[in-house]
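A short write-up of the structure that comes next.
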Amino acid sequence: MLVNISYNDKSLFERINNEVGKPFNLWERLKMNGTGSPKLFITSSSLQIRNLLTLDNNINTCNIEIRPKGIIIRFRSLLETYALIIPYYKLSLYKGRAQEYSIHRDHYHIKVAAKTKETHEFMRKILDKKSNLSSHFLDDYN
């Protein structure tokens with residue numbers, strides 16, 4: 001779900017919280033060593049996102065927030081803030097080249113450059129969180 005989150009819309013924030021969960025509290029964020037990514041540079045994206053990013057001449061960057069049931073990728077275009085909401089069950093995270101990650105949800109995708117150690121560690125944190133959540137579902141069937 002690609003949405004404009006520039007304005008304070010309670011029904012939209014409620015939909016986002018239903019999709020990926022409420023933000024972690026302070027204690028949980030400290031235990032996880034943070035839930036936000038460093039600044040990530042977008043190298044490629046799907047058509048809908050690319051159309052938004054080409055509206056201005058700024059460097060295309062984004063950040064990722066980890067939530068209990070998914071992630072939120074935020075980026076800016078002109079004076080608006082957009083979010084790509086991805087629950088873990090729809091998240092596909094690939095490491096294509098050595099310095100690039102590809103994040104997919106349905107027909108949306110964003111490729112980000114990973115030139116620092118912190119970026120690789122953050123992507124590992126996302127994969128660990130996704131695998132921990134999916135293992136709970138597997139245990140429910142036994």
Side-chain angles (χ1 to χ4, degrees), residues 1-46 48-53 55-142:
M1 164 168 78
L2 182 65
V3 292
N4 184 342
I5 58 169
S6 299
Y7 309 104
N8 197 3
D9 183 5
K10 287 186 179 186
S11 64
L12 176 62
F13 290 130
E14 190 174 303
R15 281 184 29 217
I16 291 171
N17 288 340
N18 287 338
E19 189 101 5
V20 292
K22 292 186 177 184
F24 289 104
N25 62 34
L26 180 62
W27 181 248
E28 292 169 328
R29 286 184 288 189
L30 288 172
K31 284 196 306 189
M32 293 175 63
N33 285 333
T35 59
S37 71
K39 181 190 282 190
L40 302 170
F41 294 95
I42 300 172
T43 58
S44 174
S45 62
S46 60
Q48 298 89 344
I49 296 170
R50 189 173 345 121
N51 288 342
L52 292 171
L53 292 172
L55 293 175
D56 60 8
N57 292 326
N58 296 332
I59 297 173
N60 297 330
T61 61
C62 68
N63 68 346
I64 302 173
E65 177 190 355
I66 298 176
R67 293 277 184 104
K69 297 188 296 184
I71 64 170
I72 299 176
I73 303 173
R74 289 186 179 90
F75 60 91
R76 292 187 54 90
S77 177
L78 295 175
L79 296 175
E80 306 287 324
T81 303
Y82 294 91
L84 180 60
I85 315 301
I86 308 175
Y88 287 129
Y89 68 92
K90 289 193 173 205
L91 172 66
S92 296
L93 181 65
Y94 302 105
K95 184 175 182 185
R97 292 184 237 146
Q99 300 296 322
E100 187 175 70
Y101 285 94
S102 182
I103 306 164
H104 294 262
R105 178 213 164 121
D106 299 336
H107 57 279
Y108 298 111
H109 79 272
I110 292 180
K111 290 184 180 180
V112 296
K115 297 183 183 198
T116 63
K117 181 180 175 185
E118 291 82 17
T119 304
H120 293 288
E121 290 171 355
F122 186 79
M123 294 300 177
R124 170 58 46 201
K125 192 185 298 187
I126 291 174
L127 288 174
D128 290 344
K129 194 80 172 140
K130 179 181 176 177
S131 66
N132 289 340
L133 187 69
S134 63
S135 67
H136 292 303
F137 292 130
L138 292 175
D139 291 342
D140 291 341
Y141 293 113
N142 293 333

So do the side chains of [X] and [Y] get within less than 4.5 Å of each other, counting heavy atoms only?
X	Y	answer
I16	I5	yes
E19	K69	no
H120	Q99	yes
H109	I103	no
M32	F24	yes
K129	P68	no
I110	I49	yes
L53	F75	yes

inquiry  = Tell me every residue that passes salt bridge (Lys or Arg N to Asp or Glu O under 4.0 Å) with D9, counting only those two or more places apart in sequence or in another chain.
reply    =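 For D9 there are no salt bridge (Lys or Arg N to Asp or Glu O under 4.0 Å) partners, ignoring immediate neighbours.
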Mind checking what makes salt bridge (Lys or Arg N to Asp or Glu O under 4.0 Å) contact with R74, not counting sequence neighbours?
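Salt bridge (Lys or Arg N to Asp or Glu O under 4.0 Å) list for R74, sorted by chain: E65.
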On a heavy-atom basis, the closest approach of I126 and Y88 is O-CE2, 4.3 Å
Might you confirm whether atom CG of L55 has over 12 heavy atoms from other residues, nucleotides or ligands at distances under 6.0 Å?
yes
| What's the verdict on side chain to side chain contact (heavy atoms under 4.5 Å, CB included) for Y7 and L12, showing C-alpha distance, side-chain angles and the deciding distance? | CA-CA 10 Å; Y7 309 104; L12 176 62; over 6 Å; no
Does [Y] offer a backbone N or O that forms a donor-acceptor pair with the side chain of [X] under 3.5 Å?
X	Y	answer
N4	S6	yes
S37	I64	yes
K90	D106	no
K95	M123	no
E80	S77	no
S131	L127	yes

How long is the gap from [atom1] on [X] to [atom2] on [Y], to the nearest 0.5 Å?
X	Y	atom1	atom2	result
L52	L2	CG	CG	6.0 Å
C62	K39	SG	NZ	11.0 Å
I85	R105	CD1	CZ	8.5 Å
F122	T116	CZ	OG1	11.5 Å

Note to self: T61 vs I42, test: side chain to side chain contact (heavy atoms under 4.5 Å, CB included). Steps then yes/no.
What the structure shows: CA-CA 5 Å; T61 61; I42 300 172; 5.9 Å; no
Within the 3.5 Å criterion, strictly below it, is a donor on Q48 or Y82 matched to an acceptor on the partner's side chain?
no
Note to self: Less than 3.5 Å apart, any donor N or O on the side chain of R76 or T81 sitting next to an acceptor on the other?
What the structure shows: yes
Exercise. Kindly assign one of parallel, tilted or perpendicular to the pair H104 and Y94, based on the angle between their ring planes and the thresholds 30° and 60°.
Key: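 Perpendicular, since the angle between the ring planes exceeds 60°.
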**Prompt:** Would L91 and I71 satisfy side chain to side chain contact (heavy atoms under 4.5 Å, CB included), going step by step from the backbone distance to the final call?
**Reply:** CA-CA 8 Å; L91 172 66; I71 64 170; 3.9 Å; yes
*Between R67 and N17, does a side-chain hydrogen bond (donor to acceptor under 3.5 Å, both in side chains) hold up when you go through it step by step?*
CA-CA 9 Å; R67 293 277 184 104; N17 288 340; 3.0 Å; yes
Run through I59, T119, V112 and flag the one making a side-chain contact (heavy atoms from CB on, under 4.5 Å) with F41.
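Among the candidates, only I59 passes.
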